[in-house]
Amino acid sequence: MDKDKLNRIAEKKALWQEQAGSASERGEPFKTVSNRPVGALYTPVDTAGLDYEEDLGFPGSYPYTRGVQTNMYRGRIWTMRQFSGFGDAFDSNSRYRYLLEQGQTGLSVAFDMPTIMGYDSDSERSIGEVGRCGVAIDSLEDMEALFSGIPLDRVTTSMTINGPAAILWCMYLANAEKQGVSLDRVGGTIQNDILKEYIAQKSWIFPPEPSMRLITDIFSFAADHVPRWNTISISGYHIREAGSTAAQELAFTLADGFAYVEAGIKAGLDVDRFAPRLSFFFNAHIDFFEEVCKYRAARRIWARRMKECYGARDERSLKLRFHTQTAGCSLTAREPENNIIRTALEALSAVMGGTQSLHTNSMDEVLALPTEKAVKIALRTQQVIAYESGVANTIDPLAGSYFVEALTDRLEAEAEEYFRKIEDLGGVLAAIDQGFFQQEIADAAYDYQQSVDRGELTVVGVNRYNTEEKTQIELLKIDPQVEEKQVKRLRELKEKRDSEAVRRSLENLKKCAAGSDNLIPVILEAVKVYATEGEIVSSLKEVFGEYREKPLF
Amino acid sequence: MSSKKIRILVAKPGLDGHDRGARVVARALRDAGFEVIYTGLHQTPEQVAETALQEDVDVVGLSILSGAHMTLVPRIKKMLLENGMSDVLLVVGGIIPEDDAEELIEGGSADRVFTPGDPLDKITGYISSRFE
């Protein structure tokens, strides 16, 4: 558009603004859920710098702003992947089979806290936590039960596991082999993102250096033997849930991504050998447009950096593929049915933003793990968006909107500003060590809560239109016997396995950990002789030590 | 509020790492004029009771989002009693179903339970009211 025309539009907008006047506006701040102001009207002036070919391009082409696949949802609808797991492996196995029968297209395993933190179910630290917020997995025997009757060559599985990711992954691979599925045909994802654990989710085990080594060992082993596996899911989800803004989620997640790329390169791997298997995981919060723009900006930033800073040439290394989960932190315990609507809007933003897979939260997850009925509604929400609403017919349908393009640019600029700050602090690990991310997120979380408490941000049923009436909904109860049963099973396993083989495998593991060889083959060897997760983690702790955080608030 | 500052221990027992609530509440309590000590993550019940004793607190606030509240809260209450801290106010926050909250309160383990969506001034107001 020529300059004169833009000037005319700017003048006319000023005139319009005078007429509209602020007096007639509702007396509340117009801002996003991230506390960022939003204008009343956007025009070509706001997108004057946009170059279609350079900044947007075509779906499946650099810089991938409009999507990573050429056809997007016209080719294939996103994977509907509900995160689930509770009780013991048998309880979760029946839920997985139920979800697959209902048309779910991929599995996503939630582990209980002892599994996430590397403790066996019979540990003193596990009392009261076994099977509570995910499934309890202690050994390969549990993994076999978890996927019993589920063909691992046809279903892909995502596993939310970080500190002990290598161990659970090895159990999955060993189980696939037992099912007769060769490793080159196994597909799935492990979260394996330790940096965001230090930053936000706080489920760490080892210190940063050995943790990064485990991660690059996984990159390397997968490149050679498990080519269809997504070796990491670099996660903004937990950063956002911990209270960050959209821009912080975007910036910190991508900064983590760059740190993993740098670690891989430093470990001697060619960038195009491992980068194609990096994947991402974002939050879908309630502010619709801010979220759509966040995903679009993420793709563009990643592609440019990978090409320009890290010299990636394989176009798969440039494509930011991501999973999305709707925002647990946006849900309310009051009037939980309203959460169905929140989740639907959030899921819609993820779809408009071009997600590759999606988890929709159940309405009751703010109170407990979801019931079968609540999960079914959540899955149906995705199916209605996919097959009834028509939004999947056109690729990146919001592109070209003055508002959407301006907001995409603004988020990108905010992220770039953060990248500079992180670099000034000495990189991601140094910034973690200085508590930079943790403090930024804590500040944003406190700002948000105060905005809600002051009524500047509305939460329906909580700080507006709240009634005192209590809503009774049915909740999932975890059988209190689960812990007892799981501990008994574990004791029986320890009786019947070849304890000499276990002892030898753990010795090998410690030796390898003290050296620099790839750890995956020795972990695989240990899980195959039924060494437990807790035993493997304890052995590694002897060599690696444990991470401690300075408690800040 | 009395002239002596009320001392509150905000604690994260158990294995879950969700510290957003604990940290936001700790800050709100501090801003409301309380003396706040935050334990950090992954505390055992023994560690929580020990810190409460060492710090000589008036209130213990437990944040639990892992579903282990029915085990952890009674254990911590018992240990506080063993430490002779029977008059300490014990407040819990987290993903706690209403039935469980009632059971914890009726069983004498907790004085009050807060859940997601409760405004900060409800929490600070409750604690202040208990020391008027």
Side-chain angles (χ1 to χ4, degrees), chain A residues 86 112-114 116-117 119 124-134 197 200-204 238 241-243 328-329 331-335 364-369 438 441-443 445-446 448-450 452-453 459 461-463 466 470 472 475 477-478 480 483 548-553, chain B residues 10-31 36-47 51 63-76 93-101 113-124:
Chain A
F86 61 93
D112 69 356
M113 286 312 308
I116 287 171
M117 294 299 292
Y119 296 107
E124 168 81 6
R125 296 295 318 247
S126 305
I127 297 172
E129 311 243 20
V130 175
R132 286 278 156 190
C133 65
E197 296 298 335
Q201 169 90 343
K202 314 287 177 86
S203 297
W204 53 68
H238 320 82
E241 288 291 302
C329 63
L331 306 185
T332 65
R334 306 286 295 269
E335 302 184 10
D364 53 357
E365 282 184 74
V366 71
L367 298 164
L369 294 193
Q438 300 92 315
I441 294 169
D443 290 347
Y446 195 51
Y448 169 82
Q449 192 58 48
Q450 289 195 312
V452 171
D453 286 0
V459 184
V462 173
N463 68 357
N466 52 335
K470 293 217 164 120
Q472 290 294 338
L475 295 178
K477 288 266 182 215
I478 305 294
E483 190 160 315
R548 297 247 179 276
E549 181 194 60
K550 201 170 103 204
L552 298 165
F553 68 89
Chain B
V10 175
K12 276 290 301 169
L15 297 177
D16 83 273
H18 303 95
D19 59 357
R20 173 178 181 170
R23 300 207 302 178
V24 167
V25 169
R27 210 185 270 204
L29 290 168
R30 187 182 60 196
D31 289 355
V36 180
I37 301 115
Y38 172 50
T39 60
L41 291 161
H42 311 142
Q43 301 286 301
T44 62
E46 289 81 357
Q47 287 170 324
T51 310
S63 170
I64 307 173
L65 290 93
S66 69
H69 47 272
M70 296 310 281
T71 306
L72 292 171
V73 179
R75 282 184 74 195
I76 290 167
I95 304 287
I96 318 265
E98 216 171 281
D99 291 354
D100 289 356
V113 175
F114 294 98
T115 53
D118 280 334
L120 294 171
D121 59 10
K122 191 168 161 188
I123 301 170
T124 55

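Naming: A, B, ... by sequence-line order, numbering from 1 per chain. Below, all heavy atoms of this structure are taken into account, side chains as well, without hydrogens, waters or symmetry copies.
- A/Glu129 contributes no side-chain N or O that, together with a main-chain N or O of A/Ile127, makes up a donor-acceptor pair within less than 3.5 Å.
- Put simply, of A/Ala242, A/Ala200, A/Cys133, the one with the most heavy-atom pairs under 4.5 Å next to chain B is A/Ala242.
- For the set A/Asp453, A/Val462, A/Ile116, the count of heavy-atom pairs under 4.5 angstrom toward chain B peaks at A/Asp453.
- A search for side chain to side chain donor-acceptor pair (under 3.5 Å) contacts involving B/Asp121 returns nothing, not counting sequence neighbours.
- Across every non-hydrogen atom of A/Leu369 and A/Gly134, the tightest pair is CD1-N, 4.1 Å.
- For B/Asp19, the part lying under 4.5 angstrom from a heavy atom of chain A is the side chain only.
- Side chain of A/Asn463 to main chain of A/Val459: a donor-acceptor pair is present (N/O by atom type, distance under 3.5 Å, no hydrogens or angles).
- In this structure, chain A has heavy atoms under 4.5 Å from both the backbone and the side chain of B/Leu120.
- Contact of B/Ala28 with chain A is made through backbone and side chain together, with heavy-atom distances under 4.5 Å.
- Chain A forms more heavy-atom pairs under 4.5 Å with one residue of B/Pro45, B/Gly67, B/Gly14, B/Gly40 than with any other, namely B/Gly67.
- Residues meeting the ring pair (Phe, Tyr, Trp, His ring centres under 6.0 Å) test with A/His238, sequence neighbours left out: A/Phe281.
- In terms of heavy-atom pairs under 4.5 angstrom with chain B, the leader among A/Gln450, A/Arg334, A/Lys550, A/Lys202 is A/Lys202.
- Both the backbone and the side chain of A/Leu552 have a heavy atom closer than 4.5 Å to some heavy atom of chain B.
- Heavy atoms closer than 4.5 Å to chain B are found in both the backbone and the side chain of A/Val366.
- In this structure, the portions of B/Thr44 lying under 4.5 Å from any heavy atom of chain A include both its backbone and its side chain.
- In this structure, the side chains of B/Pro13 and B/Ile76 come closer than 4.5 Å at one or more pairs of heavy atoms.
- The minimum heavy-atom distance linking A/Ala368 with B/Ile95 is given by the pair N-CG2, 3.9 Å.
- Of the listed residues (B/Leu15, B/Thr71, B/Leu65), the one with the most heavy-atom contacts under 4.5 Å to chain A is B/Leu15.
- Heavy atoms closer than 4.5 Å to chain B are found in the side chain of A/Glu549, but not in its backbone.
- Both the backbone and the side chain of B/His42 come within less than 4.5 Å of a heavy atom of chain A.
- Residues A/Asp443 and B/Arg27 are paired through a salt bridge, judged by an N-O separation under 4.0 Å between the basic side chain and the carboxylate.
- Among A/Gly243, A/Ser203, A/Ser126, the residue with the largest count of heavy-atom pairs under 4.5 Å with chain B is A/Gly243.
- Both the backbone and the side chain of B/Val36 come within less than 4.5 Å of a heavy atom in chain A.
- By number of non-hydrogen pairs under 4.5 angstrom with chain B, the leading residue of A/Met117, A/Gln449, A/Arg125 is A/Arg125.
- For A/Leu475, the part sitting under 4.5 Å from any heavy atom of chain B is the side chain, from C-beta outward, and nothing else.
- With a threshold of 4.5 angstrom between heavy atoms, A/Glu241 approaches chain B through N, CA, C or O but not through any side-chain atom.
- Most heavy-atom pairs under 4.5 Å with chain B, from the set A/Ala333, A/Gly461, A/Ala442, A/Cys329: that is A/Ala442.
- When side chains are defined from C-beta on, A/Pro551 does not count as touching B/Thr39, because their heavy atoms never get closer than 4.5 Å.
- For A/Pro114, the parts sitting under 4.5 Å from any heavy atom of chain B are the backbone and the side chain alike.
- When all heavy atoms of B/Ala101 and B/Ile96 are compared, the pair lying nearest together is N-CG2, 4.0 Å.
- With A/Glu483 contributing its side chain and A/Gly128 its backbone, the two residues share a donor-acceptor pair below 3.5 Å.
- Proximity of B/Arg30 to A/Phe553: side-chain heavy atoms (C-beta onward) are separated by under 4.5 Å at one or more points.
- A side-chain donor-acceptor contact under 3.5 Å links B/Lys12 to the backbone of B/His18.
- For B/Glu46, the part lying near chain A is the side chain, with the backbone staying farther off; criterion is any non-hydrogen pair under 4.5 Å.
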